[in-house]
Engineer: 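Have a look at this one before I ask anything.
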Amino acid sequence: MKKFPFALALHGGAGAVRRKDYGREIAHMRGLVEAARDALAKGAKALDVAVETVAALEASGLYVAGRGASPNLAGRYELDASLMNGADGRAGAVAALQGFASPIAVARAVMEKTPHVMLVGEGATTFARAQGFAEIDKPDGFFTQAGKGEHNHPPGVLAHGTVGCVVRDVDGNLAAATSTAGVFQKLPGRVGDTPLIGAGTFADRNVAVSCTGQGEYFIRVAAAAQIAFRCQFLGQTLTEATQAVLDAVGKLGGDGGLIAIDAAGELAAPFLGEGMKRALLTRDGEILSDAF
Ligand code: ASP
């Protein structure tokens, strides 16, 4: 098969359960990979593709992120997102952002329009409003579709709807982006791995990573950065590094998965437990979209 000079992976969250039919999500993810492939073929940059793909996942309402977000224990929607550009190490993030349809777009603005990496809570909301980002217009553009009927989980259980994307573009640059409403019934103010650079999201010149799972465990092993550092300093392959980090998460009692890409366009998308919604475009131009 023809080698493509680009590749990507996206996920719609770990914790997929076997008795559920994810046909809609699988088809949706495949469509997004096709759109991303076409954009990359025209020279789109890794960061733009990663952010646009995550924004489309947020906007669909099919995942527990963006418009499909689930509420915290106080009934409020606190959303987290982050992104990182491998070529120059720039990053942006928001945590516990309330009321906005696309946290990843706000995270990008934090990176591009402030001297900071992360804004949280009220400060993030004030910033997003001042930047004119779309607010959730209830009940039409509502938080929740994906989450409906899935919200009555015990506290801390995986939302299985975090979304993320990692991309290698035609120039060999890498980027990662991740967005979530966090775990079900989280305490107000709880922040997981998703908006933390080095935990849920990381990209440098060699590797880009987006994680999904019980964020507390991914934070404790510095999951995304650890993968990059294993590749850089231990000379491990992407497969070896991602598996080692998931093993470490599992050893602590955690659960989840991740997607990762390296500068050669090699992909890894491993997960613990039953499944993870994911879609890949390989360097061979092959598209794979599944949940288990
Ligand atoms: N990692 C996310 C968090 O802990 C949840 C998930 O991926 O399902 O907030």
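The model shown is predicted, which means the values in this text are computed figures rather than measured ones.
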Engineer: Do N85 side-chain atoms and G89 backbone N/O form a donor-acceptor pair below 3.5 Å?
Structural biologist: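 No; judged by distance alone, with no hydrogens or angles, the pair does not exist.
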Engineer: If every non-hydrogen atom of A124 is compared with every non-hydrogen atom of L119, which pair is closest and at what distance?
Structural biologist: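 Taking A124 first and L119 second, the nearest heavy atoms are CB-O, 3.6 Å.
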Engineer: Under 4.5 Å between side-chain heavy atoms, hopping through other hydrophobics if needed: is there a path connecting M276 to M29?
Structural biologist: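 In one cluster: no.
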Engineer: Of all heavy-atom pairs between A208 and A176, which one has the smallest distance, and what is that distance?
Structural biologist: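 Heavy-atom minimum between the residues: CB-CB, 4.1 Å.
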Engineer: May I have all residue pairs that pass salt bridge (Lys or Arg N to Asp or Glu O under 4.0 Å) and include part of residues 106-115, sequence neighbours excluded?
Structural biologist: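 Sorted pair list: D48-R108, R108-E112.
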Engineer: Would you mind listing the cluster partners of V209? Hydrophobic ones only (ILVMFWY), side-chain contacts under 4.5 Å, chaining allowed.
Structural biologist: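 Members alongside V209: V207, Y217, F218, V221, I227, L238, V245, L246, V249, L252, L258, L272.
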Engineer: Which atom pair, heavy atoms only, marks the closest approach of A107 to S82?
Structural biologist: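 Closest approach of A107 to S82: CB-CA, 4.3 Å.
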Engineer: Between L196 and I219, is any pair of side-chain heavy atoms under 4.5 Å apart?
Structural biologist: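 Touching, per the 4.5 Å side-chain cut-off.
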Engineer: Stepwise, does the side chain to side chain contact (heavy atoms under 4.5 Å, CB included) test hold for V167 with E52?
Structural biologist: CA-CA 11 Å; V167 183; E52 277 159 29; over 6 Å; no
Engineer: side-chain hydrogen bond (donor to acceptor under 3.5 Å, both in side chains): which pairs involve residues 89-99, sequence neighbours left out?
Structural biologist: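 For residues 89-99: E78-Q98, D88-R90.
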Engineer: Kindly determine whether F100 and R129 satisfy side chain to side chain contact (heavy atoms under 4.5 Å, CB included), including the steps that lead there.
Structural biologist: CA-CA 9 Å; F100 287 85; R129 200 161 282 149; 4.2 Å; yes
Engineer: Report yes if the side chains of D290 and R278 come closer than 4.5 Å at any heavy-atom pair, otherwise no.
Structural biologist: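 SC-SC contact between D290 and R278 confirmed.
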Engineer: Evaluate the side-chain proximity of F6 to R37: yes if any heavy-atom separation is below 4.5 Å, no if none is.
Structural biologist: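 Yes; the side chains approach each other to less than 4.5 Å.
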Engineer: Would you tell me whether H11 and T162 have side-chain atoms, one donor and one acceptor, within less than 3.5 Å of each other?
Structural biologist: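 No, no side-chain donor-acceptor contact under 3.5 Å.
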Engineer: Could you tell me whether E135 atom CD has more than 12 heavy atoms of other residues or ligands within 6.0 Å of it?
Structural biologist: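 More than 12 within 6.0 Å, yes.
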Engineer: Over all heavy atoms of both residues, which pair between S70 and V64 is shortest? Give the atoms and the distance, please.
Structural biologist: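 Looks like OG-CG1, 3.3 Å.
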Engineer: Go through the steps for L234 and E240 under the test side chain to side chain contact (heavy atoms under 4.5 Å, CB included), then give the verdict.
Structural biologist: CA-CA 10 Å; L234 299 181; E240 289 166 346; over 6 Å; no
Engineer: Tell me whether M118 is reachable from V94 by hopping between hydrophobic residues (I, L, V, M, F, W, Y) whose side-chain heavy atoms are closer than 4.5 Å.
Structural biologist: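 As far as the 4.5 Å side-chain criterion goes, M118 and V94 are not connected within one cluster.
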Engineer: Within the structure provided, determine whether V191 and P195 are in side-chain contact (heavy-atom separation under 4.5 Å).
Structural biologist: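 They are in side-chain contact.
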Engineer: Taking the side chain as every heavy atom from C-beta outward, state whether L281 and E286 have any pair of such atoms under 4.5 Å apart.
Structural biologist: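 Counting from C-beta outward, L281 and E286 never come under 4.5 Å.
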Engineer: Stepwise, does the side chain to side chain donor-acceptor pair (under 3.5 Å) test hold for T178 with T201?
Structural biologist: CA-CA 7 Å; T178 317; T201 305; 2.7 Å; yes
Engineer: Run the salt-bridge test on E266 and R283 with the 4.0 Å N-O cut-off and return the result as yes or no.
Structural biologist: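 Between R283 and E266 there is a salt bridge, with a charged N closer than 4.0 Å to a carboxylate O.
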Engineer: I'd like to know whether V170 forms a side chain to side chain contact (heavy atoms under 4.5 Å, CB included) with L40, so could you lay out the CA-CA distance, the side-chain angles of the two residues, the decisive distance to 0.1 Å, and finally the verdict.
Structural biologist: CA-CA 7 Å; V170 283; L40 286 164; 5.7 Å; no
Engineer: Taking the side chain as every heavy atom from C-beta outward, state whether T125 and L97 have any atom pair closer than 4.5 Å.
Structural biologist: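 T125 reaches L97 side chain to side chain.
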Engineer: Using 4.0 Å as the upper bound for N to carboxylate O, is an ion pair formed by R190 and E216?
Structural biologist: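 Between R190 and E216 there is a salt bridge, with a charged N closer than 4.0 Å to a carboxylate O.
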Engineer: So Y22 and F292, would you call those rings parallel, tilted or perpendicular, with 30° and 60° as cut-offs?
Structural biologist: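 Rings of Y22 and F292: tilted, as their planes differ by 30° to 60°.
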